[in-house]
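The sequence lines fix the lettering, A, B, ..., with proteins before strands; numbering per chain opens at 1.
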There are 2 protein chains.
Amino acid sequence: MASPYDAMWQELGLDLAAHEQLLQVLGGGYQQVFLGQPNRPAGMDYFNFVMSEVHGLRVKELVEAQAAGKKVIGSFCVFVPEEVVRATGATLVGLCTGADFAAEEVDKLLPRNTCALIKSAFGFKLGKICPFIEAADMIVGENTCDGKKKAYETMGKMVPNLYVMDLPQVKSDQGRALLKAEFARFLKAVEDLTGVTIDAAKLREGMRIVNDKRKALARLNALRAADPAPISGLDALLINQVAFYDDPIRFTGSVNALCDELEARVADGQGAMEKGAPRVLLSGCPMAVPNWKLPWIIEQAGAVIVGEESCVGERGARNLVDDSGQSVDELLEALVDRYFQVDCAIFTPNPQRLAHVEQMAAAYKAQGVIHYCLQFCQPYQMEALPVEQALKAQGLPALRLETDYSQEDAGQLQTRVEAFLEMLEK
Amino acid sequence: MASPYDAMWQELGLDLAAHEQLLQVLGGGYQQVFLGQPNRPAGMDYFNFVMSEVHGLRVKELVEAQAAGKKVIGSFCVFVPEEVVRATGATLVGLCTGADFAAEEVDKLLPRNTCALIKSAFGFKLGKICPFIEAADMIVGENTCDGKKKAYETMGKMVPNLYVMDLPQVKSDQGRALLKAEFARFLKAVEDLTGVTIDAAKLREGMRIVNDKRKALARLNALRAADPAPISGLDALLINQVAFYDDPIRFTGSVNALCDELEARVADGQGAMEKGAPRVLLSGCPMAVPNWKLPWIIEQAGAVIVGEESCVGERGARNLVDDSGQSVDELLEALVDRYFQVDCAIFTPNPQRLAHVEQMAAAYKAQGVIHYCLQFCQPYQMEALPVEQALKAQGLPALRLETDYSQEDAGQLQTRVEAFLEMLEK
C-alpha cells in the first residue's frame, strides 16, 4: 500500500517492501493489544495517533528539522543525557530494538547467545526498516552490558556515525569521575556535531525540558496507586515507550492532559480495570516497542500492572536534575549526580535497585512482582534470583520469567502468570 | 583411601568423601591425558609431581606458612597483581574453576546461562572440595565480565573474605586512572591483611619474582617455534596452569631447567611431536585445571599446539613490569602500565588482542588458529567472529569452537578439529 511517506523512507534508504510488512505487523499488533482494551482514557487518543505515525509524521518532523539545520541523535540507553542534546536544539530519539528482524543476517554477525534487544537493533539496521537509525546524524552506543559493549564494535562497521560512551561499573569516586569525564566528552561531541556552543542557559533549558517530561511521567505513575487503577499497565508502558522518540514538549503536554483526565477518574472511583483486580509490579529488562507480549498476557489474565521498574519506566525516568547551577560545569555535576543514581544492573553492587522495587511495590500497592528478563541478559538474570528472594522474604510474592521476542512461549508464560495471579488472589 | 592430608583437609572444612572422588577423577584424567604422551621431556617430572600433590603438599605449604604468620590470597583473574601480594611475603593462588561440581546447588544460585568457569568456582565452594578457597585469608574478585562481576555479589554471601577489584572497560585516560586507583586500594588492602607496609624495595622484590616467572614462560614459549616442537601443547598448558598456584621461585627454576632440556632437544632436532605435524595456535577463553578436553582432542588428532593466546597462556603472562622505579608510586605506575596492556575481551575496542593472535601465529609458525569459547562467555564470543574473519582475510585458517566442561560434545569437537586439521595439511 503506497504511503505518503514512501518518498521520504526511500530517501532514507529503507527497504520499502520489508518496511511495509513491519508496519502491517505493528499496526495489527497495536490494534489487538491496545485498541481492544476496555475503559481507555480519552487522552490515549494522542498516543494512538503517535503510534499510527511512528515511522511517518515523527520521522518527517525530524527530517524537516534536519533540513533546517538541526541534528538528530539516536541512542539505545537511558544513560545518554538528553539534556545535553536538547541544549543544542537537537533531538534525541531512542532507536528501534523491540522486535526480531533479519534474523538470518543478524546471526552472521552476533553470537547465538545474544539477547533479543541487541539482535533487534542489528536486525532493524540490517533489514533497513528503522527510519530513525537511518536518519540519525550520530548514533550513541554505551558500555553498559558486555553484550552491547562488544556489539557496538561490530555496529561501528555498519553505521558511519557511531559514538560510544564509556560507563562505570561501580558507584565509587573513580566511577563518578569517569561518568563526569564521559559526559563532558559527550557534550563536546554534541557541540561539534551541531555547531552550537552549550552555555549554562542552553543547558538549563535542556534540563527544564527533560525534567518536565520526567515530572509528567511521575505524575502519571503516582495516579496508578489508585484502586481501580485509572489506566492500564499496557497504556502506561506505551507512554513510556513513546517518551523515547516523541517531541518532548508536546509529549509532556499530552501526558499532563491525560493526567488531568486520570485525576478526575480517580476522584470518581473510575478505572481502566476492575476495582480489586490483582495488582502487579513489573521489574527487569526494558521493553521497547512493540515488545508488549508479557504485559498483554498479564492484563489479559485480569491483573493490572501498576508500575514498571525498568529503563522504559521508572528506572529510566525518575530523579530530576538540579538545574540551579550557574556554570556549565556546575550543571554537568548536577547531571552526573542524577544519572549516577540510575540503578541499572550493570552496577555492582546494586542495592538501590532492590530498594526501588520495594518502594514502588509499596507506593503503587502491588500485591506481587513479576521479574522479567530477556534471555541471555546476564546482568538482570544475575539480579533476578536475589531480588526474588529478598521480596519473598518480605512476604511479597515474586515470579521470575525469562523470555525473548518470539511468540513461541506465549502459552507457557500465560500459564505461569495465571498461576501466579491465582496465588495473589488467595 | 586415607591420605596423609586428610586431617588438614578436614580442618579446612572440605567434604572428604567428595574431595576423594575429585582426586580420583583428576588423577585418572591426568594419567590418561598427560602420562601417555610420547617423548615427554624429563623436566615434566616436576610438574607431574606438582599435579600429584595439587591439593596436598602445596596446600600444606600454604597452611604451614599461615601458621608462621604469612597470608594466602586467592584470585580468579590475571588482573590481580601478584607483585603486590609477593611484596608482603604473602602468596597469591589461582582458585579452582576448571571442572563441574555440585551442579544442582550451583543452579540454585546462578542463572542457567552462566559460563562453566563461573559455575565451577561456585561448585568447588559449594561442594567443599577446593582447599585453596577454604584456606585463603582473602579472596579477590574483579569486575571483568558481567557474569563474574555480578556473580561476586552472590559469592560475597558464601565466603567471609571477598574483596572486589573494579576494572576499566576502555583503555582511556579515565580507564587508566581507575586501574591505578584500584591497584592503590588493593595495595592498601594487602597491607592491612598482612600487617606489612609495602615500601619500594619490597615491591621491587615482588616484581622481580613475578617478572622471573614471566621470563621463564616466555623462554618456554619461544622454544615452541621449533619444528618439531620440543614440548606438547598439553604440557605447555599444564605449566601455565601450574603457574597460578605453585611457589613462584621454585616454579621458575623448574621451568628454566625444563627449557635447558628443550634447548638441547631443539638443537638435536628432537621433538615431543613428529616433525611436520600440523601446528595450531589456541586462542580464546582461559583453561583452568583440569579443563584439558580441547587441547587433548587437538593433539590426539596428530597436531601440535604451539601457543596459547589465553589468560592461562601468553595473554596472562607476557609483558614484564619495569621495576626501576624508586618510590612505591613510581612502581605502581609501572605496574599499571603493564597490566593495562592485558588485552582481555572485556575491553572495548580491543584491537591489541587480534594483533597478538597474529603475532603469535607468525612467531610460532602456526598454520591455523582454533578459537575456543566457553558457552555463554559473551566477551570472547563477541570477539570470536571478527577474529576469525580477520585471520581468514590474511590467509590464516581459523576454526571457532564453543564448548563447556562436559564430555558430551567431545565426539563432535573431535570431528570438527579433524576436519580443520585435514584442511591445514592440504
Side-chain angles (χ1 to χ4, degrees), chain A residues 107-115 118 141-154 156-157 164-175 177-182 184-185 345-351 373-386 389 400 402, chain B residues 107-115 118 141-154 156-157 164-175 177-182 184-185 345-351 373-386 389 400 402:
Chain A
D107 283 346
K108 289 180 195 160
L109 293 179
L110 292 176
R112 206 163 30 90
N113 300 336
T114 304
C115 82
I118 298 172
E142 78 305 317
N143 295 336
T144 41
C145 59
D146 287 338
K148 281 167 96 183
K149 176 173 78 174
K150 298 299 286 183
Y152 289 129
E153 296 174 14
T154 299
K157 298 171 198 157
V164 178
M165 179 181 284
D166 195 20
L167 288 179
Q169 310 185 76
V170 173
K171 293 186 173 174
S172 60
D173 291 345
Q174 281 79 36
L178 191 150
L179 190 62
K180 171 91 190 286
E182 283 298 286
R185 187 171 70 91
I346 61 157
F347 287 105
T348 186
N350 191 31
C373 258
L374 280 178
Q375 219 188 346
F376 308 123
C377 171
Q378 285 189 331
Y380 284 94
Q381 280 178 335
M382 283 278 182
E383 290 200 353
L385 181 62
Q389 286 172 334
R400 268 187 298 149
E402 197 176 304
Chain B
D107 283 347
K108 288 179 194 159
L109 292 178
L110 292 176
R112 207 163 29 90
N113 299 335
T114 304
C115 82
I118 298 171
E142 78 307 315
N143 295 336
T144 41
C145 60
D146 287 339
K148 281 167 96 182
K149 176 174 79 176
K150 298 299 286 184
Y152 290 129
E153 296 174 13
T154 299
K157 296 171 201 158
V164 179
M165 178 182 284
D166 196 19
L167 289 179
Q169 311 186 76
V170 173
K171 293 187 173 173
S172 59
D173 291 346
Q174 280 78 36
L178 191 150
L179 189 61
K180 171 90 191 287
E182 282 298 284
R185 187 169 71 90
I346 61 156
F347 286 106
T348 185
N350 191 30
C373 258
L374 280 178
Q375 219 187 347
F376 308 124
C377 171
Q378 286 190 329
Y380 284 95
Q381 281 178 334
M382 283 278 182
E383 289 200 353
L385 181 61
Q389 287 173 334
R400 268 187 299 149
E402 198 175 304

Which answer fits Ala151(B), side chain, backbone, both or neither, if we ask what part of it has an atom under 4.5 Å from a heavy atom of chain A? both
Pairing residues for Glu383(A) by the side chain to side chain donor-acceptor pair (under 3.5 Å) criterion, not counting sequence neighbours: Asn350(A), Arg353(A), Lys150(B)
Donor-acceptor contact below 3.5 Å, side chain Gln169(A) vs main chain Leu167(B): yes
If you tally heavy-atom pairs under 4.5 Å against chain A, which of Asn143(B), Leu109(B), Val164(B), Thr154(B) wins? Asn143(B)
Okay, Glu153(B) and chain A: the region with an atom under 4.5 Å from a heavy atom over there is side chain
If you tally heavy-atom pairs under 4.5 Å between each of Gly156(A), Pro386(A), Ala345(A) and chain B, the highest tally belongs to Ala345(A)
Mind checking what makes side chain to side chain donor-acceptor pair (under 3.5 Å) contact with Gln375(A), not counting sequence neighbours? none
What part of Arg112(A) gets within 4.5 angstrom of chain B, counting heavy atoms only: side chain, backbone, both, or neither? side chain
For the CD atom of Gln389(B) and the NZ atom of Lys157(A), what is their distance to the nearest 0.5 Å? 7.0 Å
Report the option among Pro379(B), Ala181(B), Ala177(B) that has the most heavy-atom pairs separated by less than 4.5 Å from atoms of chain A. Pro379(B)
So for Tyr152(B), is it side chain, backbone, both, or neither that comes closer than 4.5 Å to the heavy atoms of chain A? neither
Flag the pair Cys145(A) / Gln378(B) as yes when at least one side-chain heavy-atom distance between them is below 4.5 Å, and no otherwise. no
Does any heavy atom of chain A fall under 4.5 Å from the side chain of Leu178(B), the backbone, both, or neither of them? both
Under the side chain to side chain contact (heavy atoms under 4.5 Å, CB included) rule, what do Lys149(A) and Ile346(B) come out as? Steps first, then yes or no, please. CA-CA 9 Å; Lys149(A) 176 173 78 174; Ile346(B) 61 156; 4.0 Å; yes
For Met382(A), run the side-chain contact (heavy atoms from CB on, under 4.5 Å) check against Asp146(B), Thr114(B), Asn113(B) and tell me which one passes. Thr114(B)
With only heavy atoms counted, which part of Lys108(B) is less than 4.5 Å from chain A, the side chain, the backbone, both or neither? backbone
